[in-house]
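I'd like to ask you about the structure that follows.
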Amino acid sequence: MRLLLTNDDGINAPGLAALEEIAREISDDVWIVAPEADQSGASHSISISDPLRLRELGDKRFAVRGTPSDCVIMGVRHVLGEKRPDLVLSGVNRGQNVAEDVTYSGTIAGAIEGTILGVRSIALSQNLNREREDLDDPFAVARSFGADVVRRILKAGEFGRDRLVNVNFPGCLPGEVKGIEITHQGQRDQELLKIERRVDGRGNPYFWIIFGQAEYKAVEGADLAAIRSGRISVTPLKIDLTDEVLVDRLKAAFAD
């Protein structure tokens, strides 16, 4: 298999190194096209007003001054030439991508772009459990289980042109993982989303968007619940966001 790897944390991110290890357990034809700088939260944006700068850093290893989506487009349409990738892997993100993260995440956007370009795509993210001081390698679970999870997903066959898979690894030791769960996308309490005001050295205000750490209810079967219980979450996603129920209601509303 020919694998194309990308991420949103940047070309030098430790999660990308973990992803490369995972990929090389699956294939020896591994290509990396990743952002030159951190693109966390870039979502599915593409650069249409700025040029893309491509740097070759080594054998089959490239950095792009652009977003994760830019990187996948550059990889599929330019870097890999006529032989397209068989699989796009995006990650391993430093932090989980569950619930509403799916709409913000540059990691998932890399997989979305691969899907749009007709390549099977998987996003991988690692929960960071900051309450655990014994987790010397924050990507240990991803390294230990990543290749097997990817192989099992591929056993399901073609995803279809509108679908991708989102994988999240729990923040624990590999020996503490309680299994793998096929989940649906969860939902957080958006009251946790805050604006934090700070003041710089010159007395001028600036602001951070932050997620609060308060407890939230995790519905059984959702990605949030799986991660909280120490299980690997595997969530199939689709790009078509059409709400069929609301379609019918709107048709009725506009019928007269």
Side-chain angles (χ1 to χ4, degrees), residues 3-9 15 19 22-23 39-46 67-73 75-76 85-127 141-142 145-146 148-170 179-188 190 211 216 218-229 231-247:
L3 274 56
L4 173 61
L5 276 52
T6 195
N7 73 347
D8 72 356
D9 291 325
L19 183 65
I22 292 168
Q39 294 287 321
S40 298
S43 189
H44 192 213
S45 59
I46 59 174
T67 67
S69 299
D70 293 333
C71 292
V72 175
I73 294 170
V76 174
D86 301 294
L87 178 68
V88 169
L89 296 177
S90 185
V92 175
N93 190 66
R94 188 176 182 275
Q96 65 187 23
N97 276 308
V98 295
E100 290 82 6
D101 300 340
V102 168
T103 62
Y104 301 125
S105 168
T107 300
I108 293 178
I112 289 174
E113 191 59 46
T115 300
I116 290 173
L117 294 174
V119 183
R120 280 191 295 182
S121 300
I122 302 171
L124 302 99
S125 302
Q126 173 67 62
N127 172 271
V141 173
F145 292 91
D148 181 58
V149 169
V150 170
R151 288 192 187 101
R152 289 173 181 269
I153 292 171
L154 295 178
K155 281 177 62 177
E158 296 295 331
F159 304 163
R161 209 173 164 78
D162 184 47
R163 288 166 171 80
L164 59 143
V165 177
N166 180 31
V167 178
N168 282 273
F169 300 99
I180 302 170
E181 182 177 352
I182 309 304
T183 57
H184 60 80
Q185 183 182 340
Q187 187 174 14
R188 285 195 190 90
Q190 283 304 295
F211 281 99
Y216 53 82
V219 177
E220 193 63 31
D223 46 19
L224 286 163
I227 292 298
R228 179 176 285 183
S229 64
R231 298 191 294 274
I232 297 168
S233 170
V234 177
T235 309
L237 302 175
K238 62 177 183 176
I239 297 172
D240 183 356
L241 303 179
T242 307
D243 186 330
E244 298 296 342
V245 174
L246 190 52
V247 164

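As the structure is a prediction and not an experimental result, all values here were calculated from the model.
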Quiz item: Just wondering, are more than 12 heavy atoms of other shown residues or ligands nearer than 6.0 Å to CZ in Arg94?
Solution: no
Self-check item: Non-hydrogen atoms of Val92 and Leu19 that approach each other most closely
Solution: N-CB, 3.7 Å
Quiz prompt | Close side-chain approach of Asn168 and Asn166, heavy atoms under 4.5 Å | solution = yes
Quiz item: When rounded to the nearest 0.5 angstrom, what distance separates CG in Leu5 from CD1 in Ile22?
Solution: 9.0 Å
Practice problem: Please examine the side chains of Ser125 and Val167, heavy atoms only from C-beta on, and report whether any two atoms are closer than 4.5 Å. | Solution: no
Practice problem: Among Thr183, Asn97, Asp223, find the residue that satisfies the side-chain hydrogen bond (donor to acceptor under 3.5 Å, both in side chains) test when tested with Ser233. | Solution: Thr183
Quiz item: Below 4.5 Å, heavy atoms only, C-beta onward: do Val119 and Leu4 meet side chain to side chain?
Solution: no
Self-check item: Passing option when Ser40 is tested against Thr107, Asp9, Asn93 for side-chain hydrogen bond (donor to acceptor under 3.5 Å, both in side chains)
Solution: Asp9
Quiz prompt | CA sep, side-chain torsions, deciding dist, call: Arg228, Glu181, salt bridge (Lys or Arg N to Asp or Glu O under 4.0 Å) | solution = CA-CA 12 Å; Arg228 179 176 285 183; Glu181 182 177 352; over 6 Å; no
Quiz prompt | Distance in Å, Ser229 OG paired with Glu220 CD, rounded so as to fall on 0.5 Å steps | solution = 7.0 Å
Quiz item: Looking at CD of Glu113 and OG of Ser90, how far apart are the two atoms once the value is rounded to the nearest 0.5 Å?
Solution: 11.0 Å
Practice problem: Supply the atom-to-atom distance Ile46 CD1 to Asp70 CG, rounded to the nearest 0.5 angstrom. | Solution: 7.0 Å
Quiz item: To the nearest 0.5 Å, what is the distance between CD (Gln185) and CD (Glu100)?
Solution: 7.0 Å
Quiz prompt | Single hit among Thr115, Leu237, Ile122 for side-chain contact (heavy atoms from CB on, under 4.5 Å) with Phe159 | solution = Ile122
Quiz item: Counting only heavy atoms not in Arg152, do more than 12 sit closer than 6.0 Å to its CZ atom?
Solution: no
Quiz item: If only atom types and distance count, is the side chain of Gln187 paired as donor or acceptor with the main-chain N or O of Ala99 below 3.5 Å?
Solution: no
Quiz item: Minimum heavy-atom separation for Ile239 to Ile116, with atom names?
Solution: CD1-CG1, 3.7 Å
Practice problem: Working to the nearest 0.5 Å, report the span between CG of Asn127 and CG of Leu224. | Solution: 10.0 Å
